[in-house]
Novice: 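This structure is in structure tokens; I'll ask about it shortly.
By convention in this document, chain letters (A, B, ...) are assigned in the order of the sequence lines, proteins followed by strands, and residues within each chain are numbered from 1.
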Amino acid sequence: MTNQKQPQHSFSDQVLSWYDIHARTLPWRSKPGVRPTPYHVWLSEIMLQQTTVATVGPYFEKFLQAWPTVGHMAAAPLDDILTAWAGLGYYARARNLHKCAISVQRDFAGIFPQTRDELLSLPGIGPYTAAAISSIAFDQPEAVVDGNIERILARIYRITEPLPGAKKTITKRAEELTPSTRAGDYAQALMDIGATICTPRNPKCEACPISGSCAANEKLDMETFPVKAPKKIKPTRRAFILWLETDDGSVLLRRRDEKGLLGGMMEFPSTSWQAEEVTTEEALARFSDHLSADASFLEKDMVRHTFTHFHLHLRPLQLPVSKEMFADMPNIIWVKPENFSNYALPTLMTKVVKSVQQGQGNLL
DNA sequence: AAGTCGGGGTG
DNA sequence: CACCCAGACTT
């Protein structure tokens with residue numbers, strides 16, 4: 001771009017004019033002309049990281065009911081946050097959400113900071129979210145770059161460099177195009193366009209307010225962009241997972257380590273997740289200290305689950321046990337299935353619950 | 001720069 | 001089935 005004065009109908013003007021007519025109404029958005037609540041903007045932006053609008057909706061409402069202000073959230077136990085977050089995924093977000101609430105309450109007197117740099121210093125807030133909060137909640141002229149905007153700019157300029165390497169180039173373009181006022185509306189407009197018009201496949205260019213500025217639309221090779229680096233294939237890991245049930249109907253749950261995969265969430269105990277097949281006998285031997293030698297058990301339907309970088313096959317084993325034999329196992333609790341909703345069970349574990357509770361299973 | 005971190009919707 | 005999503009954090 002040049003340093004000349006923008007024409008009257010600049011790119012951002014076209015985008016904003018479209019937004020004034022076509023903006024989607026979303027739970028975290030304010031009415032036109034009204035400043036949104038920074039706490040709502042922050043909460044929604046954290047939830048929306050790598051997560052679709054439809055998925056976030058119910059969680060956003062539930063969190064606002066439970067914690068109306070950042071002060072309420074800062075005062076809550078982390079486990080309550082994790083339980084409410086269960087099913088939404090990327091659980092480090094929930095842990096950082098809690099850390100961030102505590103920091104805002106303690107270091108900023110419960111008032112969210114307005115600048116990009118101050119927001120960047122808070123847990124769970126990276127380059128995208130800092131710019132989004134600063135522009136949407138405080139009308140600061142920050143350039144927002146999410147996956148939608150990356151795709152739109154890559155098409156407009158037909159950027160042939162593959163992501164993620166092209167990120168710097170795209171950010172530079174975004175900064176050139178971002179208006180000095182209404183940067184938040186401009187960003188939300190582009191994200192709406194990306195979600196509903198400039199989609200990854202079958203983009204609806206005839207409905208796009210900026211197709212006239214789009215080099216890819218001119219050459220009719222929209223789906224070529226953005227170019228992305230090839231992805232690694234996902235290996236498969238396997239394990240047995242144990243549904244250990246006492247005669248009063250309680251089932252053993254264990255809390256995972258705070259760090260790493262499903263950090264801080266509850267699980268049923270399992271053998272180690274590994275590529276190699278394991279026999280049922282070896283799996284039970286792994287827990288021999290806690291099981292009687294002649295224990296009978298049911299083998300339930302396999303649970304399939306895919307994480308970001310591997311597939312997982314879990315084979316549930318349902319066994320009758322006594323609590324006494326697990327007295328020395330750390331981080332465990334006994335819970336009746338009707339109370340599972342009060343615990344931080346990730347979706348993988350709810351799949352295990354369904355497998356155990358349906359069908360007969362094979363008696364072995 | 002590459003790897004880790006969920007889950008659901010879509011084609 | 002692979003691909004995508006209002007990315008952040010670690011190594």
Side-chain angles (χ1 to χ4, degrees), chain A residues 24 26-29 36 40-60 82 85-97 99-100 119-137 142-152 162-168 171 174 184 186-196 198-203 223 226 228-236 256-265 267 303-312 344-351:
Chain A
R24 292 187 292 174
L26 300 174
W28 43 87
R29 280 187 184 168
H40 298 182
V41 175
W42 165 71
L43 177 60
S44 66
E45 290 300 342
I46 300 299
M47 288 181 166
L48 286 163
Q49 290 168 4
Q50 295 292 288
T51 309
T52 56
V53 163
T55 301
V56 165
Y59 283 89
F60 179 78
L82 288 175
W85 196 274
L88 199 49
Y90 283 142
Y91 297 98
R93 292 186 295 172
R95 301 193 297 273
N96 284 330
L97 189 79
K99 285 184 189 172
C100 185
L119 290 162
L120 256 183
S121 73
L122 291 166
I125 298 182
Y128 161 77
T129 305
I133 297 174
S134 185
S135 63
I136 295 171
E142 299 292 347
V144 178
V145 182
D146 78 320
N148 291 299
I149 296 175
E150 278 183 355
R151 184 171 57 257
I152 292 171
L163 285 168
K167 182 89 176 178
K168 282 193 67 173
T171 299
Y186 167 81
Q188 292 180 94
L190 285 186
M191 291 189 282
D192 280 7
I193 291 170
T196 62
C198 195
T199 48
R201 286 179 295 275
N202 305 319
E223 291 191 13
K228 298 204 171 183
K231 300 185 175 171
K232 295 181 59 179
I233 58 167
K234 294 177 180 174
T236 298
R256 294 176 62 87
D257 192 277
E258 286 291 327
K259 301 187 302 181
L261 189 72
L262 306 177
M265 302 295 285
E267 68 173 359
V303 171
R304 297 169 183 274
H305 195 75
T306 300
F307 291 98
T308 310
H309 53 292
F310 65 92
H311 304 287
L312 180 63
L345 286 172
T347 295
L348 167 63
M349 296 303 155
T350 67
K351 287 184 181 178

Novice: Using a 4.0 Å heavy-atom cut-off, does A:Gly263 contact any base of the nucleic acid, only the sugar-phosphate backbone, or nothing at all?
Specialist: nothing
Novice: Over all strands shown, is A:Leu88 touching base, sugar-phosphate only, or nothing at heavy-atom distances under 4.0 angstrom?
Specialist: base
Novice: I'd like to know if the side chain of A:Asp192 and the backbone of A:Arg24 have a donor-acceptor N/O pair within less than 3.5 Å.
Specialist: yes
Novice: Carefully, step by step, assess A:Lys351 and A:Arg304 under the rule side chain to side chain contact (heavy atoms under 4.5 Å, CB included).
Specialist: CA-CA 8 Å; A:Lys351 287 184 181 178; A:Arg304 297 169 183 274; 6.0 Å; no
Novice: Please classify the nucleic acid contact of A:Arg95 as base, sugar-phosphate, or nothing, using heavy-atom distances under 4.0 Å.
Specialist: nothing
Novice: In whole angstrom, give me the gap between the P atoms of C:dA6 and B:dT4.
Specialist: 24 Å
Novice: Return the minimal non-hydrogen interatomic distance between A:Pro36 and A:Ala137, and the atom names on each side.
Specialist: CG-CA, 4.1 Å
Novice: Please tell me if A:Thr347 has a side-chain N or O lying less than 4.0 Å from either OP1 or OP2 of B:dG8.
Specialist: yes
Novice: Between A:Thr52 and A:Pro127, which residue's closest nucleotide on DNA chain C lies nearer the 5′ terminus?
Specialist: A:Thr52
Novice: Looking for any heavy atom pair under 4.0 Å, which part of the strands does A:Gly87 touch: base, sugar-phosphate only, or nothing?
Specialist: sugar-phosphate
Novice: Check the distance between B:dG6's C1' and A:His309's NE2 and give it to me in whole angstrom.
Specialist: 11 Å
Novice: So, does A:Arg93 use its side chain to make a donor-acceptor pair with the main chain of A:Leu88 at under 3.5 Å?
Specialist: yes
Novice: Please walk me through it: do A:Glu45 and A:Trp28 pass side chain to side chain contact (heavy atoms under 4.5 Å, CB included)?
Specialist: CA-CA 9 Å; A:Glu45 290 300 342; A:Trp28 43 87; 5.7 Å; no
Novice: If you walk 5' to 3' along DNA chain C, what is the first nucleotide with an atom under 4.0 Å of a heavy atom in chain A, and what is the last?
Specialist: C:dC4 to C:dC9
Novice: Without decimals, in angstroms, what is the distance between A:Leu163 CG and B:dA2 P?
Specialist: 13 Å
Novice: How many Å lie between CZ on A:Arg304 and C1' on B:dG6, as a whole number?
Specialist: 19 Å
Novice: Between A:Ile125 and A:Asp192, just flag the one whose closest nucleotide in DNA chain C comes earlier from the 5' side.
Specialist: A:Asp192
Novice: Between A:Ser134 and A:Ala130, is there a donor-acceptor pair closer than 3.5 Å when you use the side chain of the first and the backbone of the second?
Specialist: no
Novice: Could you check whether A:Pro346 gets within reach of a base, just the sugar-phosphate, or nothing at all, counting any heavy atom under 4.0 Å?
Specialist: sugar-phosphate
Novice: Looking at A:Gln49, is its backbone amide N or carbonyl O close enough to the side chain of A:Thr51 to form a donor-acceptor pair, meaning the two atoms are under 3.5 Å apart?
Specialist: yes
Novice: Contact class for A:Leu26 vs. all strands (heavy atom < 4.0 Å): base, sugar-phosphate, or nothing?
Specialist: base
Novice: Do the side-chain N or O atoms of A:His305 get closer than 4.0 angstrom to the phosphate oxygens (OP1, OP2) of B:dG6?
Specialist: no
Novice: For A:Lys167 and B:dA2, what is the distance between atoms NZ and P respectively, to the nearest whole Å?
Specialist: 15 Å
Novice: Start with the C-alpha gap between A:Phe307 and A:His305, add the side-chain angles, then the distance that decides, and say whether ring pair (Phe, Tyr, Trp, His ring centres under 6.0 Å) holds.
Specialist: CA-CA 7 Å; A:Phe307 291 98; A:His305 195 75; 4.9 Å; yes
Novice: Is there a donor N/O on one and an acceptor N/O on the other, under 3.5 Å, for the side chain of A:Thr51 and the base of B:dG6?
Specialist: yes
Novice: Kindly say if A:Tyr91 contacts the phosphate of B:dG7, meaning a side-chain N or O under 4.0 Å from OP1 or OP2.
Specialist: yes
Novice: Rounded to the nearest angstrom, tell me the gap between atom NZ in A:Lys351 and atom P in B:dG7.
Specialist: 8 Å
Novice: Report the residue (A:Lys259 or A:Pro164) whose heavy-atom-nearest nucleotide on DNA chain B is the more 5′ of the two.
Specialist: A:Pro164
Novice: Using atom P of each nucleotide, how far apart are B:dG6 and C:dT11 to the nearest Å?
Specialist: 16 Å
Novice: With respect to the side chain of A:Leu348, which nucleotide from B:dG7, B:dG11, B:dT4 is positioned closest?
Specialist: B:dG7
Novice: Can you measure A:Met47 atom CE to B:dG8 atom C1' for me and round it to whole angstrom units?
Specialist: 16 Å
Novice: Can you find a donor-acceptor pair, distance only, under 3.5 Å between A:Thr55 side chain and B:dG7 base?
Specialist: no
Novice: For A:Trp85, which contact category applies under a 4.0 Å heavy-atom criterion: base, sugar-phosphate, or nothing?
Specialist: nothing
Novice: Nearest whole angstrom, please: distance from the C1' of B:dC5 to the CG of A:Leu312.
Specialist: 14 Å
Novice: Figure out the NZ/C1' separation between A:Lys231 and B:dA2, and round it to whole Å.
Specialist: 14 Å
Novice: If we take the C1' atom in both B:dG8 and C:dC9, what is their distance in whole Å?
Specialist: 23 Å
Novice: Within the structure shown, what part of the strands sits under 4.0 Å from A:Thr129 by heavy-atom distance: base, sugar-phosphate, or nothing?
Specialist: sugar-phosphate
Novice: Which is true for A:Tyr128 with a 4.0 Å heavy-atom rule: it touches a base, it touches only sugar-phosphate, or it touches nothing?
Specialist: base
Novice: Is the side chain of A:Glu142 donor-acceptor paired with the backbone N or O of A:Ala132 at a distance under 3.5 Å, no angle test?
Specialist: no
